[in-house]
Amino acid sequence: MCHNVIIMESALKTSVRVRFAPSPTGYPHLGNIRTALFNWLFARHHGGKFILRIEDTDITRKVEGAEGVILDSLRWLGLDWDEGPYFQSQRLHYYHEVANRLLKEDYAYLCYCSTERLAVMRREQMRRKQPPKYDGHCRYLTQQEKLQLEASGIIPVVRFKMPLQGETTFHDLIRGQVTFKNSTLDDLVLLKSDGYPTYHLANIVDDHLMAISHVLRADEWLSSTPRHIVLYQALNWQPPRFAHLPMILGPDRAKLSKRHGATTIVDYKEQGYLPQAMINFLALLGWSLDDRTELLSREELIKHFSLERVSKTAAIFNKRKLEWMNGVYLRQLRPEEFIQQAIPFLDRHLPASVKRPLCSNYIRQIMPLLQERAKTLAEIPQLGSFFFLDELQYDPSLFLSSGLDAKTATQAIEIALRRLKIAGVWDANSLEGILRPLAAELNLSAGKFFGLLRVATTGCTAAPPLFQTMAVLGKERCLKRLTTALQRILTLL
Ligand code: GLU
């Protein structure tokens, strides 16, 4: 008994074959990659295979360079594939063969309708508020009409003969039982007049030939599935099992778009998100371990991923959560790793006036302070630019932001400058030893006094801890900045 169970389990393990099948009609966005990730996790969880297939048969919508970006995005996230990439444009003979078989077996027919006729038909349907659907004109051509049209030189398309009655039902692994009336299904085009297959034909032929066991895809394909099932039936092929993943919506519950700050995966990379944070975040868009756990490593995700815990309802994209999570993963990096990741961003985004190459010793001292604060790598140059600039630009009124008047602020900086000039050791502890008692001596709250010094030395009201920051800036830089601050504050008197 026990033995049988083991055999059955291992059979499932070797037979799981899933695919990610993007169309290169644009750069991959969050939704595309979430689909890839769920397929990948499912394959890795079951010890199965993850196959990459580029569905590039719509040549009119093909975007130059998109294929490369898709592959790069998967590589960046570590979603490694076991087979492929297969390109459908290189497999046209398979689709032709199947289309011919369907024609021969009377499951399909040639359609000669012109685009003009189809457009008129569509307009008429819209006017009558009917769903757009091919009216079956060429399905019922007489032998004579067929011969005439053939002789006319018009290049036909191949259409599938959808059953006109009955229903098609399938079991979706997430949605449960789904039923469509066959009368709502179109006589869909299988092969276009340019010789390329449509998505539907190429998709099912390849899922069959590649022995795909489970199709995990976006919800928007749900209505294609009954069409695919009918095709599988006509071909006498066993269909794969289907799981339609919940939609991803913005916080306003509208379909996710650029407006919500969601962009292509490449943009996230450029904005300084870490792949491990993206994986964790995307995994939780529609799947959860329980109702609490937010942080899961790649290994934990593989271990726990299951379709049972994919939600039926839409997932909500929350940019804040992604930023928070990325911050968590940034802080988890070893200091050396953080520096390596940050350097390209500093190089690229620090103002041109900052001398290159950046001094690696100085960077090594700065980075631990920023590692605590940064939510993305791209934020680092901005958060830390004051460490590098010769001259800080800021509004002198910032000196008064903590409620000090200009006279008190002037005196406080003057005396701080005097004390700091004679300081011997310049590290965080000694600076605290000088400045904390000075606040008391000046009868100022630590918050106000340190706030003033922070503006003077960094040009910002929020920055990493003051004494550590001043220690890293060094004595010379700090004294120079305090002197400038004094000149600026005098303008307020
Ligand atoms: N090429 C389709 C897409 O871009 C694939 C859909 C499917 O997985 O069947 O989403």
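The figures that follow rest on heavy atoms only: side chains count, while hydrogens, waters and symmetry mates do not. Note that ligands are numbered from 1 as they come in the structure, with each ligand's atoms numbered from 1 the same way.
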Check ion pair [X]-[Y] (N to O, under 4.0 angstrom):
| X | Y | answer |
| --- | --- | --- |
| D72 | K269 | no |
| K312 | D172 | no |
| R128 | E124 | yes |

**Item:** side-chain contact (heavy atoms from CB on, under 4.5 Å) against T293, all qualifying residues, sequence neighbours excluded
**Value:**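 If we apply the side-chain contact (heavy atoms from CB on, under 4.5 Å) test to T293, skipping adjacent residues, the hits are L289, D290, L296.
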Do any side-chain atoms of residues 80-87 form donor-acceptor pairs under 3.5 angstrom with protein atoms, and if so which ones, sequence neighbours left out?
residue, atom, partner, partner atom, Å
D80, OD1, W40, NE1, 2.8
W81, NE1, G84, O, 3.4
D82, OD1, R44, NH2, 3.3
D82, OD2, R44, NH1, 3.1
D82, OD2, R44, NH2, 3.4
D82, OD2, F50, N, 2.7
E83, OE1, R17, NH2, 3.1
E83, OE1, Y86, OH, 2.9
E83, OE2, R17, NH1, 2.9
E83, OE2, R17, NH2, 3.3

Exercise answer: donor-acceptor pairs, residues 136-147 side-chain atoms, under 3.5 Å, sequence neighbours excluded:
residue, atom, partner, partner atom, Å
R139, NH1, M162, O, 3.0
R139, NH1, D187, OD1, 3.0
R139, NH1, D187, OD2, 3.2
R139, NH2, M162, O, 3.1
T142, OG1, E145, N, 3.1
T142, OG1, E145, OE1, 3.2
E145, OE1, T142, N, 2.8

Given a heavy-atom cut-off of 4.0 Å, could you list the residues near ligand 1 in chain and number order?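 Correct list: R19, A21, P22, S23, E55, Y199, N203, R217, W221.
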